[in-house]
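Following: one structure in structure tokens, then a few remarks.
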Amino acid sequence: MQKVLVAIIIAGTYLSLFLPLIVSPGVVYPFVLPKAVFFWVISEIIFFAWVVLAAVDKKFRPKENVLLYSVLLFVAMMALASYRGINPTISIWSTLERMGGLITLIHGFLYFLVLSSVFWRFAQWRGLLTAAIFIGSAVSAFFFLGDHLPITLPESRQGSTLGNSSFFGAYAIFPLFFSVLVMLKEKFGFLKLAAVAGFVFIYIAIYYASSQAAFYGASGGLFLIFIAWLFFASPKASFLTGINFRKASIVFFVVGIVAAGVYGYGVILSNGGVKARTLVWEGAWKAAMER
């Protein structure tokens, strides 16, 4: 019975990775609604399989740690904010155009509980990360193909199968950094080369998608990873070359932070899209203070 339940969870988890490819032209919001419903169904199936599994075997029960309590606290805060919001119905259920309400967040929490309780070692995650990289590469390929796709899709506003460039950029960040993790963990071989190819392909797609927030965020994250590698993972290289990479990493970090601050300030002042978001943040802060 345990093997069957674990198999259901593993199969459902792999199936969930295909979520970005789901598009249904026959519904009102073909890029968003089908994905949300698909995720709800998959997360509920693997969650109930996990509940039975955890009941019969203690090793599959949640491990108490900072991450678990942090995610739980976040969901609880969002639940309170949804209940106390101006329109709790929309806060809880969201709209068909976005599907990002509390219900979807709770399903995400259930999904997190299952994966964190069943997948413990990197060897177990390797297959999931590899699949996510290949699917991310496929979504990026659909972005480049555009009107030359072998299937007819609704107008996507350069968002591949995600609907618009902002959604595509936000999604693509995940397989991009999954590829970085695989590159750092794996020895030289096919999987490492595939991760490198996926990284380059997805990063170029994010750039050409004109998703500025995703591109700047990804670039900043990659810079921090590079700094961390210089500081923590290169003592041998420092010994061989005579260069103190730890000191160099601190210099790079300070210069990078200053440059990013100056550039970011200029972008906020000059870019209408970014500046519009600062107005949204101001409005949200005022609304929070009023309530």
Side-chain angles (χ1 to χ4, degrees), residues 1-22 24 32-82 91-94 98-136 138-139 161-162 167 170-182 185-186 191 195 198:
M1 180 181 179
Q2 290 187 26
K3 291 183 178 180
V4 174
L5 293 172
V6 171
I8 292 174
I9 292 172
I10 293 176
T13 303
Y14 273 94
L15 194 60
S16 69
L17 298 178
F18 289 89
L19 175 72
L21 297 174
I22 295 178
S24 180
V32 179
L33 182 59
K35 289 180 174 64
V37 174
F38 178 80
F39 177 68
W40 288 1
V41 172
I42 290 295
S43 60
E44 288 173 9
I45 290 174
I46 64 174
F47 174 73
F48 286 116
W50 169 75
V51 168
V52 178
L53 185 63
V56 299
D57 194 336
K58 293 182 179 180
K59 72 178 182 180
F60 290 106
R61 296 175 186 177
K63 311 297 186 296
E64 295 187 19
N65 51 51
V66 175
L67 179 61
L68 173 62
Y69 288 123
S70 298
V71 175
L72 185 60
L73 178 62
F74 173 70
V75 175
M77 292 174 64
M78 290 299 293
L80 178 61
S82 298
S91 297
I92 293 172
W93 290 101
S94 189
R98 296 293 179 179
M99 297 300 291
L102 181 64
I103 296 298
T104 298
L105 180 63
I106 290 175
H107 281 79
F109 178 65
L110 302 181
Y111 187 81
F112 163 79
L113 275 180
V114 176
L115 267 64
S116 61
S117 301
V118 175
F119 298 90
W120 307 315
R121 302 181 300 275
F122 181 76
Q124 295 173 298
W125 283 96
R126 182 182 288 109
L128 291 174
L129 295 175
T130 304
I133 294 169
F134 278 106
I135 294 171
V139 175
T161 57
L162 275 297
F167 291 171
Y171 157 74
I173 285 178
F174 286 90
L176 179 76
F177 282 97
F178 290 162
S179 63
V180 173
L181 180 59
V182 172
K185 286 282 189 178
E186 291 295 318
L191 191 56

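Numbering of residues begins at 1 and proceeds along the displayed sequence.
Annotation for Gly100 and Ser94: closest pair N-OG, 3.0 Å, computed over non-hydrogen atoms. Counting all heavy atoms, side chain and backbone alike, Pro62 lies closest to Leu113 at CG-CD2, 4.2 Å. Of all heavy-atom pairs spanning Leu17 and Ala131, the tightest one is CD1-CB, 3.7 Å. Minimum interatomic distance between Lys63 and Leu68 (heavy atoms only, all atoms of both residues): O-CD2, 3.6 Å. Considering every non-hydrogen atom in both Pro20 and Tyr171, the closest pair reads CG-CE1, 3.3 Å. Nearest heavy-atom pair across Ile46 and Gly12 is CG2-CA, 3.8 Å.
Under a cut-off of 6.0 angstrom, the local environment of NZ in Lys3 is sparse, with at most 12 non-hydrogen atoms contributed by other residues, nucleotides or ligands. By the neighbour-count criterion of 12 heavy atoms within 6.0 Å, atom CZ of Phe48 is sparsely surrounded, having that number or fewer from other residues, nucleotides or ligands. Other residues, nucleotides and ligands contribute over 12 non-hydrogen atoms within 6.0 Å of the OH atom of Tyr14. Around the CZ atom of Phe174, the shell of radius 6.0 Å holds no more than 12 heavy atoms that belong to other residues, nucleotides or ligands.
Between Leu162 and Lys35 the shortest side-chain heavy-atom distance falls below 4.5 Å. In this structure, the side chains of Leu110 and Val114 stay at 4.5 Å or more apart for every pair of heavy atoms. Side-chain contact between Leu128 and Phe178: absent, with no pair of heavy atoms (C-beta onward) separated by less than 4.5 Å. Val32 has its side chain out of reach of Arg98: every pair of non-hydrogen atoms, C-beta onward, lies at least 4.5 Å apart. The closest side-chain heavy-atom distance from Arg126 to Glu186 is below 4.5 Å. Side-chain contact between Phe109 and Leu105: absent, with no pair of heavy atoms (C-beta onward) separated by less than 4.5 Å.
Among residues two or more places apart in sequence or in another chain, the ring-ring contact (aromatic ring centres under 6.0 Å, His included) test is passed with Trp120 by Phe60.
Between Trp50 and Phe47, the distance separating the two ring centers is shorter than 6.0 angstrom.
Here the side chain of Thr104 pairs a donor or acceptor atom with the backbone of Met99 at under 3.5 angstrom.
Atom CZ of Phe119 sits about 11.0 Å away from atom OG of Ser117, to the nearest 0.5 Å. Distance OG1/Thr161 to CD1/Ile135: 10.5 Å, rounded to 0.5 Å. Distance check: Leu15 CG to Ile10 CD1 gives 13.5 Å after rounding to the nearest 0.5 Å.
Checked options Leu80, Leu73, Val75; the residue passing with Met77 is Leu73 (criterion: side-chain contact (heavy atoms from CB on, under 4.5 Å)).
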